[in-house]
Amino acid sequence: ALHTAQQEKNSEDYQEVYNAIATKMREEKDFDNNNGYGPVLVRLSWHVSGTWDKRDNSGGSFGGTYRFKKEMNDPLSRGLQNGFKFLESIDKQFPWLSHGDLFTLGGVTAIQEMQGPKIPWRSGRVDEPESMVPDNGRLPEPHYGADYVRSYYERFNFTDQEVVALLGAHVLGKAHLKNSGYDGPWDDESNIFSNAFYDNLLKLKWTPEINDAGNKQYDNKEKGYMMLPTDYALFQDPKYLKYVKAYANDQDLFFKDFTKVYTKLIENGIEFPKENKPHLFKTLKEQGK
Ligand code: HEM
Ligand SMILES: Cc1cnc2ccccc2c1N
């Protein structure tokens with residue numbers, strides 16, 4: 001059964017939460033080699049949504065079950081505890097906000113504050129008990145190629161175009177050897193949301209290397225950039241490559257398509273009554289803050 005969102009506050013209340021998250025991001029911008037908390041907040045919003053299974057509508061962002069240790073300690077989510085800890089003070093400041101809304105609003109705020117597209121965000125997710133925590137093993141592994149990526153996203157009914165647009169979020173942040181067994185990029189500023197992921201994928205020379213954890217990754221020595229095998233798959237597969245080229249050449253198109261598929265991702269499995277309108281948030285900058 002679909003979950004029905006329960007709208008209880010108005011946009012001004014959620015803008016206040018947005019501002020609290022965005023302000024804290026500014027205050028703690030030296031986190032993780034100066035990347036700040038933006039990237040890990042975006043990854044958290046994806047992981048809490050990526051457990052969804054269209055077949056029985058289990059998992060997904062609605063119930064906020066990431067707060068329980070079985071989901072939080074999924075080995076494929078190592079490092080996301082930093083994002084959870086960051087949001088704990090926000091959780092205390094706004095006790096009326098559900099965890100599902102908190103985790104997804106964290107990602108939306110981070111994307112917009114990192115100069116990404118405006119993401120219209122709908123509220124009303126309702127906390128579910130620990131018994132509803134989905135099993136581990138629903139998140140993707142980074143070791144494989146295009147066939148794996150394509151079949152993984154079949155569980156979301158995402159097309160090739162949607163998969164390529166969604167993965168553009170890997171312009172943000174970095175891989176940490178102790179988290180995932182992958183490492184890099186080694187530049188210190190990957191906290192601006194742009195179409196650079198596609199540009200680099202297409203234009204730079206990528207050398208397969210075995211990293212210190214024994215995993216194969218694709219490195220560009222000149223720039224100190226890396227690509228996971230699942231990233232590089234978008235270059236290897238001709239059907240994906242078509243969209244990589246489109247987004248490398250048109251950032252507006254990327255922003256538009258990313259907004260659509262990211263919204264689908266964080267809303268999967270939830271029914272929003274028609275009066276439950278999306279909230280459009282102003283960035284701190286737009287508010288003169
Ligand atoms: C094929 C699907 C995907 C795979 C296999 C994958 C895998 C990974 C891995 C291994 C890392 C490094 C984690 C670490 O070592 O700390 C990572 C980081 C990240 N992922 Fe993904 N990911 C996928 C899809 C996505 C999607 C759909 C999004 C968002 C829309 C996303 C956003 C991020 C972000 C922002 C980071 C950087 C986090 C940080 O800097 O701490 N990823 N991903
Ligand atoms: C440039 C690049 C490529 N792939 C990534 C995968 C995970 C996290 C960050 C990445 C990143 N900044």
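Computed from a prediction, not measured in an experiment: that's the story for all the values here. One-based numbering, in listed order, for ligands and for the atoms of each. Quick note: residue numbers are just sequence positions, from 1.
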Nearest heavy atom to atom 10 (C) of ligand 2, choosing from Lys174, His170, Arg43, Gln217, belongs to His170
Option whose closest heavy atom lies nearest to atom 6 (C) of ligand 1, chosen from Lys178, His170, Met226 = His170
Is the NZ or CZ atom of Lys245 positioned over Tyr198's six-membered ring, under 6.0 angstrom from the centre and within 45° of the axis?
-> no
How far apart are the C-alpha atoms of Arg138 and Ser58, what are their side-chain angles, what is the distance that settles it, and do they pass the side-chain hydrogen bond (donor to acceptor under 3.5 Å, both in side chains) test?
-> CA-CA 11 Å; Arg138 294 179 178 215; Ser58 57; 2.8 Å; yes
Looking at Lys118 and Glu286, does any basic side-chain N land under 4.0 Å from a carboxylate oxygen?
-> yes
Have a look at ligand 2 and work out which part of Pro39, if any, has a heavy atom under 4.0 Å from it: side chain, backbone, both or neither.
-> neither
Is the shortest distance from a Lys or Arg side-chain nitrogen in Glu209 or Lys216 to a carboxylate oxygen in the other one below 4.0 Å?
-> no
Check Asn200 against ligand 2 and report side chain, backbone, both or neither, counting heavy atoms closer than 4.0 Å.
-> neither
So is Gly173 polar-close to ligand 2, meaning N/O to N/O under 3.5 Å?
-> yes
Starting from atom 30 (C) of ligand 1, which protein heavy atom do you reach first, and at what distance in Å?
-> Ala169 CB, 3.5 Å
Which atoms of ligand 1 are found less than 4.0 Å from any heavy atom of Thr230?
-> 5 (C)
Under 4.0 Å from any heavy atom of Asp231, which atoms of ligand 2 are there?
-> 3 (C), 4 (N), 5 (C), 6 (C)
Hey, which atoms in ligand 1 end up nearer than 4.0 Å to a heavy atom of Asn179?
-> 14 (C), 15 (O), 16 (O)
Is Asp101 salt-bridged to Arg125, going by a charged N under 4.0 Å from an acidic O?
-> yes
Taking only non-hydrogen atoms of Tyr153 and a 4.0 Å limit, the atoms of ligand 1 in range are 2 (C), 24 (C), 27 (C)
Of all protein heavy atoms, the one nearest atom 17 (C) of ligand 1 is Arg43 NE, 3.4 Å
Salt-bridged, Arg150 to Glu154, with N to O below 4.0 Å?
-> no
